[in-house]
Amino acid sequence: MVDAIIIGIVVVLLWFALKGSMKHFKGDGSCCGGSHKNLDVEEKKLKYPIIGKKVLKIEGMHCDHCVKHVQNAINSIDGASAKVDLKTQTAEVSYDREINDDDLYRVIEKAGYHIQSMTHAL
């Protein structure tokens with residue numbers, strides 16, 4: 001009888017875990033911001049001519065809300081403007097002044113993601 005109760009509890013816990021995982025990967029989970037209304041991200045216009053670009057390979061993005069979160073994090077850096085692509089898991093960062101790589105790592109990590117690699121495009 002005790003075995004049946006334990007198996008029942010495990011089945012219920014697995015059901016809730018599976019349900020939460022499905023919501024997460026569909027972008028409806030709380031970690032991904034829930035509702036996907038108004039996810040249009042305005043492109044940040046730089047004040048001065050672009051002097052370079054960096055391409056970041058980012059780990060941890062699952063949905064459009066993640067893209068918006070990463071783009072807003074990078075755009076919070078003065079002189080940086082990002083275009084983030086969910087399909088390729090990359091962010092192209094244009095800049096009009098020198099941007100410290102550590103600043104990019106810091107804002108991405110603070111946003112809850114991880115930079116796997118960084119290449120300089122220009």
Side-chain angles (χ1 to χ4, degrees):
M1 181 66 172
V2 173
D3 291 339
I5 293 172
I6 291 172
I7 291 172
I9 291 171
V10 169
V11 167
V12 169
L13 291 174
L14 286 173
W15 182 78
F16 280 113
L18 181 61
K19 185 177 174 183
S21 294
M22 294 304 293
K23 286 178 81 174
H24 170 78
F25 287 111
K26 288 194 305 186
D28 294 333
S30 60
C31 73
C32 289
S35 175
H36 291 279
K37 297 175 183 167
N38 290 329
L39 285 182
D40 295 333
V41 180
E42 284 189 36
E43 186 177 337
K44 180 179 175 184
K45 304 290 184 201
L46 297 175
K47 293 179 184 178
Y48 305 105
I50 295 171
I51 63 168
K53 292 184 180 188
K54 298 178 184 189
V55 178
L56 314 177
K57 179 73 173 167
I58 299 176
E59 179 181 292
M61 295 189 299
H62 303 288
C63 65
D64 290 335
H65 187 271
C66 295
V67 168
K68 181 178 179 179
H69 201 98
V70 168
Q71 190 159 336
N72 287 340
I74 295 170
N75 286 347
S76 71
I77 299 172
D78 285 338
S81 175
K83 291 181 184 176
V84 182
D85 187 314
L86 181 62
K87 185 176 180 181
T88 62
Q89 298 282 299
T90 58
E92 183 180 277
V93 181
S94 301
Y95 49 95
D96 63 6
R97 63 196 82 166
E98 286 302 319
I99 301 295
N100 188 330
D101 292 349
D102 291 337
D103 290 339
L104 288 167
Y105 279 100
R106 185 179 38 50
V107 298
I108 296 298
E109 294 287 331
K110 186 176 178 183
Y113 304 92
H114 177 73
I115 297 175
Q116 291 178 325
S117 65
M118 182 182 310
T119 57
H120 298 268
L122 286 178

In Å and rounded to the nearest 0.5 Å, what is the [atom1] to [atom2] distance from [X] to [Y]?
X      : Y      : atom1 : atom2 : value
Ile108 : His69  : CD1   : NE2   : 9.0 Å
Glu92  : Thr119 : CD    : OG1   : 9.5 Å
Lys45  : Asp96  : NZ    : CG    : 13.5 Å
Ile74  : Tyr95  : CD1   : OH    : 13.0 Å
Lys87  : Met61  : NZ    : CE    : 13.5 Å
Glu43  : Asn75  : CD    : CG    : 9.0 Å

For the side chain of [X] and the backbone of [Y], is there at least one donor-acceptor N/O pair under 3.5 Å apart?
X     : Y      : result
Ser81 : Ser94  : no
Lys54 : Leu104 : no
Lys44 : Ala82  : no

Residue list, salt bridge (Lys or Arg N to Asp or Glu O under 4.0 Å) with Glu59, at least two apart or on another chain: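 For Glu59 there are no salt bridge (Lys or Arg N to Asp or Glu O under 4.0 Å) partners, ignoring immediate neighbours.
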
For Asp85, salt bridge (Lys or Arg N to Asp or Glu O under 4.0 Å) partners two or more places apart: none

Shared-cluster residues of Val55, by chain and number - hydrophobic side chains joined below 4.5 Å: none

ILVMFWY clustering at 4.5 Å (side-chain atoms), partners of Ile7: Val11

What residues, two or more places apart in sequence or in another chain, satisfy side chain to side chain contact (heavy atoms under 4.5 Å, CB included) together with [X]?
X      : value
Ile9   : Ile5, Leu13
Asn100 : Asp102, Asp103
Lys57  : Gln89, Thr90, Gln116, Ser117
Asp78  : Arg97

Test side chain to side chain contact (heavy atoms under 4.5 Å, CB included) applied to Val70 and Ile58, step by step: CA-CA 9 Å; Val70 168; Ile58 299 176; 3.5 Å; yes

Side-chain heavy-atom pair Ile77, Val107 within 4.5 angstrom cut-off: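 Result yes, sub-4.5 Å side-chain heavy-atom pair found.
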
Where Cys66 and Gly60 come nearest, the two heavy atoms and their spacing: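 Residues Cys66 and Gly60, closest heavy atoms: SG-O, 4.3 Å.
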
His120 vs Lys53, side chain to side chain contact (heavy atoms under 4.5 Å, CB included): CA-CA, chis, key distance, verdict: CA-CA 6 Å; His120 298 268; Lys53 292 184 180 188; over 6 Å; no

